[in-house]
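All residue numbers refer to positions in the sequence shown, counting from 1.
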Amino acid sequence: MEPFQLTLNPILVSMPRAATLEINEESKRLIASGKNVYKLGFGQSPFPVPQNVVESLQKHAHEKAYLPVQGLAELREATVNYHKRKIGIEYHPDNVIVGPGSKELMFDLQMTLQAELILPSPSWVSYYPQARILQREATWLDCKLEDDWKLHAETIERHCATNPTKQRLLILNYPNNPTGTCMTADDLKAIAEVCRKYKVVVLADEIYMDLHHDSKYFSIAQFYPEGTILSTGLSKWAGAGGWRLGTFVFPESLKGVLKVMLTVASESFSCVAGPIQYAAITAYNGGAEIDSYVAGCIRASKYVTNQCHKRFVEAGIACAAPKGGFYLFPDFGAYRANLEKRGVVDSKTFCQALLQETGVAILPGVAFGRPAAELTTRIALVDFDGKKALEATADADLQAATQRTITAIETVIA
């Protein structure tokens, strides 16, 4: 049968699939063929969903009706209460939207705003491609390893000063994916001043907010409330990535943006599945069981990231110290001369060779906005038994539970 000769969107035809999902699928194919693969490419939480949240999902499995586009009123109430507990800011439930993952809401926000997207380099893999799909202008703002990959207020100032009245959207994610680093209160105050000066809209991607290793989290909304949209979800701190639920919270000053996003939502995803929303109420309401669960996630993530970071540093591989989440972003540039002799010339060929030769799957820095020739990589330290890690009562137990991931890093270094 002859294939249809169709004209496709040239922008989409030229784009690869999301690097995170592609490496996950490639890893599964290799495992199915019998190869031992260390899955450090896809940042899926290794921890099980909290039991009381699972029970809530089971309890509401019969819920089949379409729910309000904006999300259940009870869930929106739970969401604003969550933010009040975490960062001390009071929002109105009417200023919340619930979506099928924060990723979808980010796309809808970029669709809604006629704005230049400005991003720290490196940043999560999907912010920039979403801008390309929508044919939005997008600019990378360079960050440096010696500064722990932090975006400086001065960098934003220099960029915005070139066209002071241009409408812009800045996405800040911390604790950061891909680097594992975080912002201090002083960092955020300085960025807030510049954003206020140029009326930059900030999307604070706070999906890892609960996974700060020392529970010293600050939100830019505390310093720039009128211009900040808060983004969270269940995928990282609650281990429910596949459930696909995210929330955006808007200040009153940006409610006009929410209104348009609701129109987009009504013509696209309609609503998030009912059972998921009811379960999310339990998650966002918190309580002793959730607090104990999150503390266990932090303890295990801090242990494994520190152990792996220590091994990189001892091997002479430059890597910023982790402050939250479960990622590291090492630079293998010190090994460039030896790698080039083997045909490895950039981060992409490095990751390809590593997967084929050692079975360790990681992602190239170029997928996160770094220069192609740079030998940076993102490593998701998640290939371990999260249930056993949560049950661990001592470092020896944590080491046993996370040993597979530590072994993978030792394999890379060897």
Side-chain angles (χ1 to χ4, degrees), residues 44-45 48-87 89-113 126 130 203-207 209-210 221 228-252 254-287 289-290 293-294:
Q44 177 170 289
S45 169
V49 179
Q51 185 58 34
N52 62 339
V53 180
V54 172
E55 290 170 359
S56 180
L57 180 70
Q58 293 169 336
K59 179 182 176 181
H60 293 96
H62 67 282
E63 300 284 355
K64 70 182 188 67
Y66 281 87
L67 298 179
V69 173
Q70 193 166 349
L72 276 170
E74 300 96 320
L75 176 53
R76 290 186 281 115
E77 181 76 33
T79 300
V80 297
N81 289 337
Y82 167 85
H83 285 289
K84 186 176 180 180
R85 292 196 309 272
K86 300 298 178 181
I87 61 175
I89 301 177
E90 198 158 342
Y91 292 93
H92 197 283
D94 287 349
N95 289 2
V96 177
I97 182 173
V98 180
S102 55
K103 188 176 187 178
E104 174 67 31
L105 294 177
M106 290 170 188
F107 186 81
D108 293 352
L109 176 64
Q110 289 205 59
M111 187 187 302
T112 298
L113 287 177
S126 289
Q130 287 186 352
L203 175 63
D205 181 358
E206 302 187 337
I207 197 78
M209 174 170 63
D210 277 320
T228 301
I229 302 165
L230 297 176
S231 172
T232 60
L234 299 183
S235 62
K236 307 305 177 181
W237 66 271
W243 289 16
R244 308 312 302 139
L245 184 137
T247 61
F248 272 19
V249 182
F250 294 77
E252 195 66 30
L254 291 174
K255 197 166 183 178
V257 179
L258 170 60
K259 182 179 179 180
V260 177
M261 279 188 64
L262 286 170
T263 299
V264 175
S266 72
E267 300 293 358
S268 53
F269 62 80
S270 299
C271 67
V272 175
I276 303 297
Q277 291 201 51
Y278 283 103
I281 295 170
T282 301
Y284 276 112
N285 276 339
E289 186 172 341
I290 296 293
Y293 168 88
V294 171

Notebook entry, point to check: Does a donor on one side chain and an acceptor on the other come within less than 3.5 Å for Y284 and T232?
Noted result: yes
Heavy-atom nearest pair, Q277 first then L75, reads OE1-CD2, 3.7 Å
Rounding to 0.5 Å, atoms CG (D108) and OG (S102) come to a distance of 11.5 Å
Heavy atoms of P93 and R76 approach each other most closely as O-NH1, 2.9 Å
Which of V96, L203, V257, L258 passes side-chain contact (heavy atoms from CB on, under 4.5 Å) with F248? Answer is L203
- request: Verify the neighbour count for atom CD of Q44: are there more than 12 heavy atoms of other residues, nucleotides or ligands below 6.0 Å?
  value: no
Surrounding NZ of K255 (heavy atoms of other residues, nucleotides or ligands, distance under 6.0 Å), is the total greater than 12? yes
Applying ring pair (Phe, Tyr, Trp, His ring centres under 6.0 Å) to Y278 and not counting sequence neighbours gives H60
So OG1 of T79 and CD of E74: to nearest 0.5 Å the spacing works out to 11.0 Å
Of all heavy-atom pairs linking N52 and E289, the shortest is N-OE2, 3.2 Å
Between the OG1 atom in T282 and the CD1 atom in I290, the distance rounded to the nearest 0.5 Å is 7.5 Å
N/O donor-acceptor pair under 3.5 Å between E90 side chain and K84 backbone
no
From the list M209, M106, E206, side-chain contact (heavy atoms from CB on, under 4.5 Å) with S231 holds only for M106
Problem - Any donor-acceptor N or O pair under 3.5 Å, side chains D210, Y82 - result: yes
Rounded to the nearest 0.5 Å, the NZ atom of K103 sits from the OG atom of S235 at a distance of 10.5 Å
Interatomic distance, CD1@I229 vs CG@L105, rounded to 0.5 Å, equals 10.5 Å
Value for CG (N95) from CD (E252), rounded to nearest 0.5 Å, stands at 5.0 Å
